Amino acid sequence: MAFSATLSCTVFFNLHKNRSRSSPPPHPPPISRQELRRSRGGSASSRSRSGRIRSFGAMEAATAEVAAAGESGGGMAKVPHVLTVAGSDSGAGAGIQADLKACAARGVYCSTVITAVTAQNTVGVQGVDNVPEEFVAEQLESVLSDMQVDVVKTGMLPSPGIVRILRKSLNKFPVKALVVDPVMVSTSGDVLAGPSVLDVFREELLPLADIVTPNLKEASALLGGRQLETIADMHSAVKLLHQMGPRHVLVKGGDLPGSCDAVDVFFDGERIHDLHAPRVKTRNTHGTGCTLASCIAAELAKGSSMLPAVQVAKRFVENALDYSKEISIGKGPQGPFDHFLMLNRKVHNFGKKIVLDPSDLFLYAVTDSGMNRKWGRSIEDAVKAAIEGGATIIQLREKDAETRNFLEAAKSCMEVCHSRGVPLLINDRIDIALACDADGIHVGQSDMPVRTARTLLGPEKIIGVSCKTPEQAQQAYMDGADYIGSGGIYPTNTKENNLTIGLEGLKAVCLSSKLPVVAIGGIGMSNAHAVMELGLPNLKGVAVVSALFDRECISTEARKLHEVLSGAAPEVK
Ligand SMILES: Cc1ncc(COP(=O)(O)OP(=O)(O)O)c(N)n1
Ligand SMILES: Cc1nc(C(=O)O)sc1CCOP(=O)(O)O
Ligand SMILES: [Mg+2]
């Protein structure tokens, strides 16, 4: 493997070195089979007519090595692979860049054949430079001759010649599916493929397509300027487009006037499906067409059939738009969205606090639904009062709450906590933590294992784990927990059948782990000082339930406890 990687880099470097943007060399014909054969067995590189060095010998050797490893069952797995044949968008919202991001987000490898380079931003398209047709052919040959492409997805095909070249390549190197996004006009209204392309597009490409995905304007152009203003018009359009040869048609109704849903119409040659989705209100829609088509291609590459592929792709785009509503890139009317935001919300962070500061454990307030009910308080009001009194971190421990109520309360508490700069953790329920985008969770020894929780939550979330023994404390560190909750320090009525480990047990846990520790169980005004007096460097605070929430005035109790912990006031008996 390492050997092939070295050779591949050499090939890239040699080609790259010899291509200067300022003085483009005359383009040589695509690599011929003969040329490849000539170079076999000979030197590791050969000089083409343009003077560029091509390391065909090296490339062949590398290919042979990989093929041999595959044949010998060397544990190599075929990765689903989409090749996008499209234009580059310098603003990276659409085109090749959107295709790469969409495929990566869907877990599919994406190679690229660039047909044109656009100078583009959120305002519009400032310039277009088509890649010479021979060089589009060369890119196609390079990828398709080597890389086991499953699905080809097309975007901007700016000249009839490029469409013909693509058709020839597809005849030479058949793939499982062809997804055609007939990009003609950019979202800003700039023309990316003129009327001269339309005929050859209809005649040469659509008959090969497994699906074509025009928006209303593109469908209208393909149908000779037919007016498409209603869903009934879209129904006629899909049938007419189907007669041009593609096996499936998806006409996207995003621009349909007066509809509150985004309705796309799908036709498989037999049945029409109206695919409804709620319209996401956002400025960040640049690149949705490219992304949708790439996601369809990605799902097909994974082995999906067409309708499920379209449905998954639609949901992905909706989700990405929804998650990206708040982002602002560029000054123009239409911004790009973020394909990875739903995976990496915390990377963006939007100014929120994300990692645990050990001093956050100082006065750790853990809620209890029974106590709030008893005192007639909402969880949100209880949390507000605890923070007002000085709580430094909140855990929602709602053992008997119904899921939907818990989630709604958790969302409100997130607002309360974040507006006050206090982290919010969820006890036990990773589903709730994910759904409300909490700062993390607290798990016990019989809850979800820390490693699994980490995989689900990602590297930025806080994970606390309960430990009663030194062994558990060592394991918590190895599993990647952020802190330890250790108890019960004293007997408690809040948690049934809880083992009391005492101050000695707490000391043993603290000494056997490098993690910050918070003490819990039966702690209140009368004994908090004794706990902190142990003076262990990683003992960072106390966690309390009843001492705050089973009292008449939560904020007053929190304030008094804070003072005791700070050593600013004498112990209250
Ligand atoms: C800070 C803190 N420490 C310990 C616990 C107890 O968690 P667990 O052992 O999972 O028990 P339950 O709270 O789920 O009953 C905690 N919640 N918080
Ligand atoms: C939730 C919890 N965990 C404990 C442990 O020992 O791990 S003791 C406990 C209950 C703590 O409630 P109070 O502050 O009312 O005693
Ligand atoms: Mg638990």
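Computed from a prediction, not measured in an experiment: that's the story for all the values here. Each ligand, and each atom within it, is numbered from 1 in the order the structure gives.
Between Val518 and ligand 1, no N or O atom pair is found at a separation short of 3.5 Å. At least one N or O atom of Gln395, backbone or side chain, sits closer than 3.5 Å to an N or O atom of ligand 1. Note: an N/O pair closer than 3.5 Å links Gly488 and ligand 2 by distance alone. Close N/O approach between Gln445 and ligand 1 is not found [any backbone or side-chain N/O within under 3.5 Å]. An N or O contact shorter than 3.5 Å links Lys468 to ligand 2 by distance. Ligand 2 has no nitrogen or oxygen under 3.5 angstrom from a nitrogen or oxygen of Lys495. Taking only nitrogen or oxygen atoms, main chain and side chain alike, Gly522 reaches within less than 3.5 Å of ligand 2. Some N or O of His442 is nearer than 3.5 Å to an N or O of ligand 1, by distance alone. Ligand 1 has no nitrogen or oxygen under 3.5 angstrom from a nitrogen or oxygen of Ser486.
Applying salt bridge (charged side-chain N to carboxylate O under 4.0 Å, His left out) to Asp264 and the options Lys252, Arg315, Arg279, Lys314 leaves one that passes, Lys314.
Taking a cutoff of 4.0 Å between a charged side-chain nitrogen and a carboxylate oxygen, Asp99 and Lys153 qualify as a salt bridge. Salt-bridge formation is detected for the pair Arg451/Asp479: a Lys NZ or Arg NE/NH1/NH2 atom is positioned less than 4.0 Å from an Asp or Glu carboxylate oxygen. Salt-bridge formation is not detected for the pair Asp368/Lys374: no Lys NZ or Arg NE/NH1/NH2 atom is positioned less than 4.0 Å from an Asp or Glu carboxylate oxygen. Salt-bridge annotation for Asp428 and Arg397: absent, with no side-chain N of the basic residue lying under 4.0 Å from a carboxylate O of the acidic one.
Shortest distance from the Mg ion (ligand 3) to Asp447 is reached at OD2 (N/O/S atoms only). Nearest to the Mg ion (ligand 3), among the N, O or S atoms that Asp428 has, is OD1.
Residue-environment remark: CG (Asp400) exceeds the threshold of 12 foreign heavy atoms within 6.0 Å. No more than 12 heavy-atom neighbours from other residues, nucleotides or ligands sit within 6.0 angstrom of NZ on Lys331. More than 12 heavy atoms of other residues, nucleotides or ligands sit less than 6.0 Å from atom NZ of Lys302.
If you look at Phe337 and His286, their ring centroids are not closer than 6.0 Å. The six-membered or imidazole ring of Phe266 lies near that of His248, with a centre-to-centre distance under 6.0 Å. Aromatic ring centroids of Tyr483 and His442 lie under 6.0 Å apart.
In summary, the atoms of ligand 1 found under 4.0 Å from a heavy atom of Gly444, numbered by their order in the structure, are 8 (P), 9 (O), 10 (O). Of all atoms in ligand 1, listed by their number and element, those nearer than 4.0 Å to a heavy atom of Tyr364 are 1 (C). With ligand atoms numbered from 1 in the order given, ligand 2 contributes 13 (P), 14 (O), 15 (O) to contacts under 4.0 Å with heavy atoms of Ser546. Counting atoms of ligand 2 from 1 in the listed order, those under 4.0 Å from a heavy atom of Val544 are 14 (O). Near Thr492, meaning under 4.0 Å from one of its heavy atoms, ligand 2 places the atoms 12 (O), 13 (P), 15 (O), 16 (O). Heavy-atom contacts of Asp428 reach the following atoms of ligand 1: 10 (O), 14 (O) (cutoff under 4.0 Å). Numbered from 1 in the order shown, with element, the atoms of ligand 1 that lie under 4.0 Å from a heavy atom of Arg397 read 12 (P), 13 (O), 15 (O). The ligand atoms of ligand 1 that sit less than 4.0 angstrom from a heavy atom of Lys495 are 11 (O), 12 (P), 15 (O).
When Asn498, Asp550, Val366 are ranked by how near their heavy atoms come to atom 8 (S) of ligand 2, first place goes to Asn498. If you check each of Thr500, Asn427, Thr494 against atom 13 (P) of ligand 2, the one with the closest non-hydrogen atom is Thr494.
With a 4.0 Å cut-off on non-hydrogen atoms, Val366 does not touch ligand 1 at all.
Shortest contact from atom 9 (O) of ligand 1 to any protein heavy atom: Ser466 OG, 3.0 Å. The protein heavy atom nearest to atom 11 (C) of ligand 2 is Val545 CG2, 3.7 Å. Nearest protein heavy-atom neighbour of atom 10 (O) of ligand 1: Asp447 OD2, 2.9 Å. Atom 1 (C) of ligand 2 has its closest protein heavy atom at Arg397 NE, 3.4 Å. The protein heavy-atom contact nearest to atom 7 (O) of ligand 2 is Ile520 CG2, 3.8 Å.
With no hydrogens or angles considered, no side-chain donor-acceptor pair links Gln97 and Asp89 at under 3.5 Å. A donor and an acceptor atom, one from each side chain of Thr403 and Arg429, are located under 3.5 Å apart.
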### Task
Would you check, one step at a time, whether the test side-chain contact (heavy atoms from CB on, under 4.5 Å) holds for Asp150 with Val175?
CA-CA 5 Å; Asp150 294 302; Val175 289; over 6 Å; no
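Contact analysis puts Lys399 in contact with ligand 1, with a non-hydrogen atom separation below 4.0 angstrom.
Residues Leu363 and Val544 have side chains in contact (heavy-atom distance under 4.5 Å, counting atoms from C-beta outward). Here the side chains of Val151 and Val179 are in contact, with some heavy-atom distance below 4.5 Å.
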